[in-house]
Every structure is written in C-alpha cells, then in structure tokens.
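Written below as structure tokens is the structure these notes are about.
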Amino acid sequence: MDHGPGPYAEFEAFVAGAAGRLLRVAILLTAEPDTGAAGAADAPAARGLLGDALARTYANWRRLRGDDPYDHTRQELCAAFLRTGRRHHGGSGVLARLGPLERLVLVLRIYEGVAEEVTAAQLGLPPERVRALCNRSVAQLRGAPASGGAPAAAGPAAADAA
C-alpha cells in the first residue's frame, strides 16, 4: 500500500527497515523456535506481539516527531510482552528456561544493548534489580550458579552465543 509522501509513507518505510529486527526481539521474548527466514511463520505469538506494537506505534506516529520510532515500538513490544508474559512461559528456544521478566531483561540488555538505567526505567525497576536479573539469567543459560559479576559481552552476538 502506497500512501505517497507524508507521515504514513514514513511509517511504511520504518516498518520495512525495522520489522525484521523487531520480529527477532519478539521471537526471543516469546521463546518460540526461530527457523530462519521462515521463522515468522512458526512464531505466531511473536508476530501477534509485534503486530500489536506496530499498531500502537502507527496510532501515535504523528506524535512521535523527534522521537526514535524503533525505541518507541520496542517499548510497546516489551509492554505487550509484560502484559501477556505468563502466556509465553513455555517455548522451545534457549530462552524458554527463563521466566518472562528475566527473558525481557536479558533481551533488552544483551541482545538489544539497552543501558541498564534505561532498562530499569522502562520496566519500573531499580538498576540493581535489572543487573541481578541479567546476571542470574546469563548464569542460568550457562548452567552455572549466578555470580555478582557482569555479563561478559553485550550485543546481538552475545545473545546468540548464550
């Protein structure tokens, strides 16, 4: 659908550029199996979360001037996940071993590289709690007891390795 020049054409361009990465975040959050390019077809919960987040972003698109639409959409995605997190407790991905809040903190901190303070503010938690959840989650995925140290690396490669 082509709306021509204007804000909704900008929204379509944003979705075209960011939907793949946002879908990957949603797949990690729901712990659904990711089967590569066809992964979206096998991840209905992730697609549903992303669709809801994009719909909310679309509804607020004109008010987002000057704000980062990716950050806004990711926040909407995380809020939707928190509201429905108990539904996504299962899954078969590596992150399925974690509870919803642990999974959310790990995805934001390690995969997305969101600062601890920003993650804490977004989730309404103290930074110390975010740090503890992240450390415990990384330790659990490594099969070791939680330690007080920080995760070794940040970024998408670290989450794929975890």
Side-chain angles (χ1 to χ4, degrees), residues 1-65 67-115 118-125 130 133-134 137-138 140-141 151 153-162:
M1 177 185 305
D2 184 20
H3 292 290
Y8 298 110
E10 293 171 7
F11 177 78
E12 288 177 356
F14 161 70
V15 171
R21 184 170 167 200
L22 287 165
L23 180 59
R24 178 70 177 144
V25 170
I27 289 170
L28 289 171
L29 290 175
T30 60
E32 291 178 297
D34 183 7
T35 56
D42 296 332
R47 285 185 297 120
L49 280 176
L50 180 57
D52 290 347
L54 287 171
R56 289 178 182 267
T57 299
Y58 182 79
N60 294 312
W61 189 254
R62 289 182 185 264
R63 287 181 270 168
L64 289 177
R65 295 285 182 209
D67 291 340
D68 183 352
Y70 183 87
D71 283 343
H72 178 81
T73 306
R74 185 181 58 217
Q75 288 176 3
E76 291 288 351
L77 183 65
C78 292
F81 177 72
L82 281 176
R83 286 190 300 271
T84 63
R86 295 289 174 222
R87 283 188 230 157
H88 309 293
H89 189 64
S92 60
V94 172
L95 299 181
R97 292 185 262 171
L98 304 175
L101 185 59
E102 294 163 325
R103 201 179 310 159
L104 180 57
V105 166
L106 190 72
V107 169
L108 287 174
R109 292 284 298 125
I110 304 297
Y111 182 76
E112 284 288 289
V114 177
V118 175
T119 300
Q122 183 177 338
L123 300 178
L125 299 171
V130 168
L133 284 166
C134 189
S137 300
V138 169
Q140 186 174 350
L141 291 176
D160 290 342

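From a predicted model like this one, the values you see are computed outputs, not experimental measurements.
The minimum heavy-atom distance between Leu77 and Leu22, with the atom names listed, is CD2-O, 3.8 Å. For the residue pair Arg103 and Leu98, the shortest heavy atom distance occurs at NH2-O, 3.0 Å. In terms of heavy atoms, His72 sits closest to Thr57 at CD2-OG1, 3.4 Å. Considering every non-hydrogen atom in both Leu108 and Cys78, the closest pair reads CD2-SG, 3.7 Å. The heavy-atom pair separating Ile27 from Ala43 by the smallest distance is CG1-CB, 3.9 Å. When all heavy atoms are compared, the tightest approach of Ser137 to Leu106 is CB-CD1, 4.1 Å.
Aromatic ring pairs are classed by plane angle as parallel below 30°, tilted from 30° to 60° and perpendicular above 60°; the pair Trp61 and Phe11 is perpendicular.
Within the model, atoms CZ of Arg24 and CG of Leu29 stand 10.5 Å from one another, a figure rounded to the nearest 0.5 Å. The structure places CG of Leu28 at 12.0 Å from CD1 of Ile110, a figure rounded to the nearest 0.5 Å. Rounded to the nearest 0.5 angstrom, Asp68 CG and Arg74 CZ are separated by 7.5 Å. If you take CG on Leu123 and CG on Leu104, they are separated by 5.0 Å, rounding to the nearest 0.5 Å. Atom CG of residue Leu64 and atom OH of residue Tyr58 lie 13.0 Å apart, to the nearest 0.5 angstrom.
The residues Arg97 and Glu102 are annotated as not salt-bridged, no charged nitrogen and carboxylate oxygen being separated by less than 4.0 angstrom.
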Q) Yes or no on side-chain contact (heavy atoms from CB on, under 4.5 Å) for Thr73 and Val15, after CA distance, side-chain angles and deciding distance? A) CA-CA 10 Å; Thr73 306; Val15 171; over 6 Å; no
(Q) Run Leu95 and Val107 through side-chain contact (heavy atoms from CB on, under 4.5 Å) and show every step you take. (A) CA-CA 9 Å; Leu95 299 181; Val107 169; 3.9 Å; yes
Q) Between Arg62 and Tyr8, does a side-chain contact (heavy atoms from CB on, under 4.5 Å) hold up when you go through it step by step? A) CA-CA 9 Å; Arg62 289 182 185 264; Tyr8 298 110; 3.2 Å; yes
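Remark: side-chain polar atoms of Asn60 are paired, donor with acceptor, to backbone N or O of Arg56 under 3.5 angstrom.
Between Phe14 and Tyr70, the gap from one ring centroid to the other reaches at least 6.0 Å.
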